[in-house]
Amino acid sequence: MHVPKGSLRLLSRDAVGVIAGIAPIDLMAKDRKRVYQERKDHHLPPADEDTMAEWQGRWHDKNKDKWTYRLIPNIKRWINRRHGEVKFHLTQALSGHGCFAEYLNRFGKLDSPECWYCGFHNDDAFHTVFACDAWYGQRNVAEMLTDTTLTPENLIETMLKSKEKWDTINFSDLQDGILSMERSQFKNDPANFVKLKNLTPEINNLILNLGPCQPFQNDLPENKFPRDKYNCSFKETYYLRILPDNSKIKRDWLSYSPSEDKIYCVHCFLFGTNLHNSTQKTWTKNGFNTWKNITHAIKAHENIPDHITCSIKLKLKKASAPILPELHQTRNIQISMNRQIVSELIDIVLFLAHHNLAFRGHQEKWSSNSSMGNFKDLIVLMAKNSTLLSDHISKVKNQGRHVTSFISWQRQNQIIEAIYTNIFKQICQDLSNSCMFSISIDTTFDISRKEQVSFVARYSNEITGSVHERVIAVNESPSTTGEDLYNLFVTVMEKGSVDWKTNLVGQSYDGARNMSGNYKGLQSRIRDLNPQAVFIWCHAHRFNLVVKDAVSSSCNAVDMFGNLESLYAFLWCSKKRAAIFRENQLKTNSEKNQKNQIHAIQRITTTRWGSHSAALNVVLKFHDAVIITLKTIRSSEGPSDARAGATASGLINYFSSCRFLLVAMLFQKVFFILAPINKQLQAHDSDILIASQLIKNAKLDTENLRSKGVTEIKRAADDFAKDSSIEFENINAPRKKRVPRNAGEKCIDEALDEPLDNFKVNTYYVVCDTIISELCQRFGDSDGLLKDISLLSSKRLKEVGKNLNLIPNDAFVEVCSVYKNYLDRTLLIEEYQQFVRNYEEIENTRQLPKTFRSLNLCNEYNDDEFSQVDLNLEDEFEDTDNISQDVSNKPKNMATVLELFQLFCSANLNAVFPTLYMLLKICVTLPVSSCSVERSFSKLKLLKTKLRSTMIESRLEHLMIINCERDIPVDKENVIQTLCTLSSSLSKSLVY
């Protein structure tokens with residue numbers, strides 16, 4: 001490894017080790033000891049993941065605010081690269097130590113920290129690499145070739161993508177110029193510039209402003225020009241040319257290099273075109289120092305045509321110099337106006353994308369009298385209050401293709417792509433900073449019958465403690481086998497440069513075999529390469545299956561929901577019938593002095609998880625209106641349409657029966673328990689601890705409902721019938737059947753003669769038992785992991801804080817075995833014990849009280865609100881009678897692990913309890929459901945409609961992410977900079 005001379009003792013050991021790829025000596029010793037012990041025990045030594053994880057942890061904790069960490073946050077990614085050599089120049093850029101004015105001034109090597117080129121007051125590594133105007137050309141070329149806007153955060157990541165990009169981002173030109181100027185006493189020494197491969201306009205202007213280097217003898221270190229082997233040397237008289245009339249003029253092209261004792265031609269160096277000639281190379285690249293022939297050589301060079309042409313070019317440039325600033329200023333003003341126009345167009349694109357509106361129209365010509373599409377129509381509307389936009393529209397109309405247009409359909413797509421790129425980079429950067437994430441994937445058919453695959457990443461923000469679920473890709477996949485989905489997943493991860501083999505900690509899908517299969521499913525293929533990517537079957541999907549089984553568990557349940565679906569089909573197939581139902585709702589509200597909102601009959605579908613509850617609630621709320629509507633239809637349509645009359649009569653008979661009331665009241669109670677929990681499981685900030693507790697509370701509430709018996713249901717049905725104007729038909733007792741006794745039978749089957757007993761046995765108990773058994777069957781597959789996570793509940797923390805002996809002997813065994821790269825069980829238990837001792841004090845001091853009088857911290861931080869999330873799976877739970885009401889009335893999801901994680905982030909406890917913090921971070925990162933993917937499909941249906949069914953896939957993906965991630969702020973300057981890389985004409989019009 002190359003390190004700047006004298007800087008090794010000033011550069012931290014951590015930074016030197018990371019740049020060189022050498023781990024700290026104590027970690028290397030520990031790893032060697034482990035390898036020796038494994039070989040001694042005749043075992044193959046495992047990979048040094050523990051050493052790498054500990055090294056990464058040290059690097060993050062001690063150096064996260066330093067320059068080198070900003071460039072190289074991920075050590076493993078850096079040292080495992082397969083290309084690129086760390087040379088002298090790159091070392092200076094990575095360390096910030098070397099030929100930078102600020103660094104040299106700090107140790108007295110230079111008098112000022114100002115930049116030699118642009119005069120900036122603080123010339124450090126960031127200024128030189130990312131900001132200095134002198135190197136704009138090289139920086140712009142590198143960004144165009146790598147298709148990346150280079151920042152300290154993505155510089156190394158971009159270089160690691162390929163060897164070509166590593167070679168493209170080359171610091172040699174930049175550092176050669178700085179190094180030469182540092183060593184030289186004269187800033188205009190030609191040796192400082194002749195080695196540069198690419199001369200930007202800024203460097204040309206710098207050389208012209210400095211002028212030729214023409215020192216006198218007294219300016220040199222030894223007060224004389226050096227002599228060669230022929231005892232000849234350069235003389236001051238060569239700076240002057242003697243004309244025939246003996247007058248003298250200064251040779252402004254001749255520049256002497258004191259550092260090399262050579263002379264160069266500045267004019268040919270800057271404006272020469274035939275520099276491959278050996279003679280010209282002598283005066284521009286190699287330098288001339290044959291002093292015995294200097295007089296003849298100077299005269300010969302002055303008279304060659306190439307030199308004369310270069311001198312004329314320089315004179316003309318200086319002659320036009322007075323008007324150049326004005327032209328440059330005019331150009332900058334125009335660029336500023338163009339950037340403002342594009343900024344307004346970005347606002348228009350964001351508005352249309354956020355509201356799922358179409359951009360283009362059928363006739364987009366300016367001469368069209370009809371709509372030109374929402375995009376152009378909004379431009380015309382905003383132009384009324386924007387002079388710049390109005391002038392640009394006029395230029396486009398008058399000059400057509402002779403002017404750069406920012407409002408064509410091509411520019412429209414480029415602006416959309418630039419905004420998407422800005423948002424996507426922010427998401428990928430957040431994923432990289434979080435160092436762990438989980439993934440959710442699902443598929444759906446769009447309007448054009450294409451299979452769309454949506455990818456959602458879940459990660460946490462260490463600063464705010466919040467949890468985010470972001471859509472990172474929406475791609476088409478004609479085939480959705482496990483292998484195809486895996487290949488698509490890898491492509492998406494590589495596109496965002498996301499290290500999923502190291503940072504992926506969880507994955508959540510529905511129950512389809514191509515995703516959840518244990519052998520060839522997507523989750524198994526991912527776990528083959530990343531065992532810590534725990535698969536969690538979506539809780540919301542599983543819970544919906546429980547509801548689906550409950551509504552089809554008995555004949556009475558099937559009859560009720562079947563008749564609800566028939567009612568929807570019967571009333572909503574006709575505009576006339578729907579109008580009659582709306583009129584009857586208004587009449588019912590008027591008669592009962594109510595102000596209920598008008599509702600429509602809801603359809604029962606398997607894709608809408610709350611459809612069963614919604615359909616039943618509408619019928620019960622407007623039951624009188626439903627019966628009156630059916631009777632009206634029977635009387636008006638029955639004589640002419642026997643089928644309609646018979647259908648209406650059948651529905652009237654069913655919905656006017658006590659059998660319907662009993663089943664409806666039963667499922668109203670069931671949905672009162674299940675519906676709020678179903679909604680809570682779909683919250684993006686829910687964690688696995690509270691999700692599991694909600695499931696168990698649903699089971700407890702259902703068991704409680706079963707134990708109460710059918711009496712409460714019968715009372716609710718009687719109250720409903722009493723308040724209704726409809727006369728309900730009682731349940732008839734079934735006809736007794738005489739069952740002959742077979743030979744050997746000693747008892748007779750007891751028939752259920754009482755209708756209520758029949759309902760209790762064949763419907764009430766069946767529905768409750770189905771829910772309980774399905775909950776146990778579908779949510780009993782992660783007990784080991786959940787037992788470990790349950791120790792983080794608020795109640796358990798307080799109990800263990802009072803008695804450390806309550807910690808189980810096998811505490812955290814499962815979670816540490818799964819996430820062994822992040823967690824050390826010994827350290828975790830030690831930190832857990834210390835944390836629980838001080839938990840109540842930390843919790844009570846988290847928020848300052850508003851008043852010091854009558855302060856009751858126990859009430860303010862009462863643990864009752866968290867009692868429903870206590871996850872000791874072996875104990876009974878407390879305060880769970882009204883969990884459904886508590887959950888539904890909360891303004892947000894009160895997840896214990898999430899709040900504990902936020903406490904760690906706000907109080908900076910991650911430095912005190914690093915291992916416990918990692919466990920909390922894993923818990924909040926683990927996915928609970930894949931509902932965010934389902935929500936993205938809702939956006940897809942609003943975005944890709946019948947009139948927009950031919951939208952190309954790239955545009956669809958860009959608009960989807962812009963729409964779904966609207967809370968991510970869009971930096972317009974970055975969008976414009978990205979836009980410049982998509983078109984050379986835009987680069988000329990928008991780059992200063």
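Fair warning: this is a prediction, and the values are worked out from it, not measured in the lab. Because only heavy atoms are used, hydrogens play no part in the values below, and waters and symmetry mates are left out as well, while side chains stay in.
Listed by chain and residue number, L389, S390, I393 satisfy the side-chain contact (heavy atoms from CB on, under 4.5 Å) test with A383 (two or more places apart in sequence, or in another chain).
There is a side-chain donor-acceptor pair under 3.5 Å between S985 and R411. Side chains of Q410 and S408: a donor on one and an acceptor on the other come within 3.5 Å. In this model, no donor atom of one side chain and acceptor atom of the other lie less than 3.5 Å apart for T945 and R948. Between the side chains of S936 and S454, at least one donor N or O lies within less than 3.5 Å of an accepting N or O. Between the side chains of D499 and T502, at least one donor-acceptor pair of N or O atoms lies under 3.5 Å. Between the side chains of Q452 and E953, at least one donor-acceptor pair of N or O atoms lies under 3.5 Å. Between the side chains of Q507 and S440, no donor-acceptor pair of N or O atoms lies under 3.5 Å.
Two residues are said to be in side-chain contact when any heavy atoms from C-beta on lie closer than 4.5 Å; S983 and Q414 meet this criterion. Looking only at side-chain heavy atoms (C-beta outward), K939 and I961 stay at 4.5 Å or farther from each other.
Annotation: cation-pi geometry not satisfied between K161 and W166 (NZ/CZ under 6.0 angstrom from ring centroid, within 45° of ring axis). A cation-pi arrangement is absent between K376 and F359 under the rule of less than 6.0 angstrom and at most 45 degrees off the ring axis.
The aromatic ring centroids of F489 and W500 lie less than 6.0 Å from each other.
Ring geometry for Y420 versus H958: interplanar angle under 30°, hence parallel rather than tilted (30 to 60°).
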